[in-house]
Amino acid sequence: MKKHLVLALVALVAAVVLVPAAPAAEKPPIKIGFIAPKTGNFAQFGLDMLNGFKLYLSEIDYMIAGRKVELIEEDEGATPANAVTKARKLIEHDKVQLMGGLLMAAAAYAVAPVVQEAGVPLVITVAASDDLTQRKASKYLARVSLTGGEHGHVAGDYAYRKLGWRKVAVIAMDYGWGHEVTGGFQRVFEELGGQVIQKIWTPVITTDFGPYVASLKPEADGILDVVTGAASIRLIGELRKAGVLDKKKVLAAGTATDETLLTALGDTALGVLTFLPWSQALDTPENKRFVERIKQVTKKDYVGFSGAINYGAAMWIAEAIRQVGGDVENKEKFFQTLRATEIKSSPRGPIKIDKYGHIIQNIYIRRVDKVGNLYQNTVIETYPSVSQFWKYNPEEYLKQPIYSRDNPPCRHC
Amino acid sequence: MDVAATRAPMRLVTGLAVALVILAGLAPVLPSYVVILMTEGLIYAIAAASLDLLLGFAGLASLGHSAFFAVGAYTTAILVTRHQASFGAALAASIVLAAVASAAIAILVLRATGIYFMMITLAVSLCAWGLAYRWVSLTGGDTGIVGIPRPRVPWVGLASGTLSFYYTVLALFVVCLALYLLLIWSPFGKTLVGIRDSESRMRVLGYNVFLHKAVALVVAGAFAGLAGSLYAYYNGFVGPSAVDLAHSMQFVLMVIVGGPGTLVGPLIGAFAITFLEKMVSVFTERWVMVLAAAYVVTALWAPRGMLGLLRAAR
C-alpha cells in the first residue's frame, strides 16, 4: 500500500514536470512573463505591481495589435535566487517573448545576464539598480521605473536651492538604493557648495532606529532620509519623538512615505518632504482617472506607487508592441522600438526612454499633508524630464564608478 | 541502524549506475527547464549527501551546514568576478576554504554534543549569515555578488550552455558519489556509524572519537563547499540568502525527507524537494504550505524518510 502510494506520488510529479506547454492554434498569443514578489517581505509591493499592470491590460481587453496577450505571473519571493529560477522558467518553459516586473535591485542585477543570454527583452518596472541602464546597459534591458542616482540629484538640487540647506546629515539603508540616492545627492549638493557632514548606514532589517537618530549631528540643517518600506514608519516615528522633525526638515526618498504607509505613519509624518516620480495627489486628468479605476479593483483609499508605475509600464509596453504591429518575434525590430517608444501622458506624466534604456521622466517634490480624513503626498514642485545623468554628459558620467557606500567619499564627515 | 546500504553494495552500485545512465541519457530529450531543475537537484544532492555524512552516519545533527556551502559559493563568486579565476581554480579554492572553515569550526563545536551541538552549529550558520550580510566590501552585502559567468569547460558537440553545464555538474556528482561510497564503506565510515550508535563504547574500544568527528566535519564541509561553488555558477549570483536560516534547514529537511544514514536517501530527498518547490510554486502561491505539509506527513508517517518507506514496503 505504502509502496503504491510512493510510486503514485513519483508518477504524479513526473507527469507534472514533463507535460510540455500546450501548442497554440492560429496566431499565438503574445506571452509576457511578469516577476513580482507575491510572498515574503515585499508581497504588498508585488500585489500593487500586479494590480497596476493588469488594470491596463484589462482596459484593453488583453488585446494588442490584434493579438491576445497572455500574462504569466511568477513569484519573485524574497530572494534574488528565486527570481533567477523563475526567469529561467519563463524563458525556457513558457517561452515568453517579453519579461516585465522585478522589484528587488539585487534580483534585477541577477536576472539581467539571464535575459541577455537568452535574447529576451526585459522591462524592469520597479527595481532601481542604477548600473543596469548605465555601465551594464544592454539592448535587452529597458527600465520604466527609477534609479537612485537620478533621485539623489534632484534632491541635492532642491535641498540647496529651495530649502537653503548647506550642511546635511544622511541616514540611509545599507544597500543599493540607499547608496545610489545618497551618492547622487552628495554629488549635486556639494557641487553647488553644500556639505554632507554625516552618513549613517542602517542595515536593511533594522528595527530600532533610536541609536541612529540619537547620533545625528545637531549642526546639520536638514536630514536626507533613504529608509523605505515598513522601516520608514519606525524611523519617522523616532525622528518625531526625538524632536528632530520639529526643528529641522526631513527630505526623504518618496518610498518612505508611500501611500500604502501613510495610514500607519499617521500624524508623525506630516510635513515630511519627499521626492518620487508620482503621487496619488498628482492633479492631472490621466492620474485622477487611473486612481478612480484602481481603487475599484483594490477597494482601498490609498494607491501605492508601485501600482501607478506598473500601469504606466503596461501602457508603454503595449505601445511598443503596437508600433511593431504585434510582430514581437522580429526581435531586432522590437528592441529598437523599445528604445524609441514614447507615451505623451500616463498617470505619472510623459514616458520617454534614453539611449541607455532608462526612462526620462518628471520627478515631483511632495509634502505629507492631511486633507480631511486622509493623508496625501501633495505635489509642491515638479522637475520635468529628468535624465538619469542629470545635467552631466553621459560618457563623462559613466567614466566614474557607480555610487556606492564609499563613492563619493565623505570629505566633510 | 541502517547498514543496509553497506550490506548489499553490489545492488546499490547497480541501482546507482542505472540511475546515472538515465540521468545522462534523458537530458538531451527533456525540455530545457527540466534540465535546469535537474542541475539544481544534483547540486543540492551533493550538499545533502555531505550533510548525511554528519547527520545520518556520524550522528552529528549539524544545523549549520549552509555556512560551508556559502563559503564555497562566495569563494567562487569572488574569485571568478574579481580575479577572473578559471573553473578548476575556483572549484579547488572553494573546496579548500570550506574545509579550512569547517576545521576551524570543528574545534569549537565538537566540544558540545546532542542538542547543544545543534544549537551551536545553528549559531555558526547565523554568524556566517551575519558576515555575508554586513561585510559589504567582501560579499556585497544585501546585493550579493552578481554576474558570475558559466564555467568554460571543453565539452564537444553539445548545443546549448544548459546541457553542457548539466553534464559538468553530473560528472562532478558522479565523482562525489564515488568518493562518498568509498568513504562510508571504508573502516573510517564504519567507525563513524559506531560513534553514532554509541560514542562511549567506541571510546572504550580505543578509537579517537574527537578526531573521527573532526575529520567527518572537514570532509563534509569540503563537499558542501564544492556544491556551493557549483551553486554560484548555476545561479550566476550569490547573496546572503545562500546561508540564511531557511537554507540551512532546507539541507536538513532534504536529508530527513530522503532518509538519513542511507546516502541514497538524501539524494532522492534533494531532487524531490527541489522539484516540489519549483513546480508547486507554478500552480499556487501557497507553495510554502504545500512544502510544509509534505514535511509534516514525512515526520508523522515516514520518519525514516522516503527511502525508509520504500524499504518498509519491500
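Order of the sequence lines fixes the chain letters, A, B, ..., with proteins taken first and strands second; residue numbering starts at 1 for each chain.
Heavy-atom distances place both the backbone and the side chain of A:Ala81 under 4.5 Å from chain B. Within the 4.5 angstrom heavy-atom criterion, no atom of B:Glu277 approaches chain A. Looking at B:Tyr234, the atoms closer than 4.5 Å to chain A (heavy atoms on both sides) sit in the backbone and in the side chain alike. Proximity to chain A (any heavy atom under 4.5 Å) is shown, for B:Tyr33, by both the backbone and the side chain. At a 4.5 Å heavy-atom cutoff, B:Val238 makes no contact with chain A through either its backbone or its side chain.
Ranked by heavy-atom pairs under 4.5 Å with chain A, the first of B:Ile145, B:Asn235, B:Val35 is B:Asn235. In terms of heavy-atom pairs under 4.5 Å with chain B, the best-connected choice from A:Ile72, A:Asn82, A:Val84, A:Thr85 is A:Thr85. Of the listed residues A:Lys86, A:Glu92, A:Lys89, the one with more heavy-atom pairs under 4.5 angstrom with chain B than any other is A:Lys89.
The cationic group of B:Arg150 lies under 6.0 Å from the six-membered ring centre of B:Phe165 and within 45° of the ring axis, placing it in a cation-pi geometry.
Around CD of A:Gln44, the count of heavy atoms belonging to other residues, nucleotides or ligands within 6.0 Å exceeds 12.
Side-chain contact check for A:His358 and A:Asp130: no donor-acceptor pair (N or O, by modelled atom type) lies under 3.5 Å.
Between B:Val71 and B:Ser94 there is no side-chain heavy-atom pair separated by less than 4.5 Å.
Aromatic pair B:Tyr231/B:Phe69: centroids less than 6.0 angstrom apart. For an aromatic pair to be called close, the ring centres must be under 6.0 Å apart, and B:His247 with B:Trp129 fails this.
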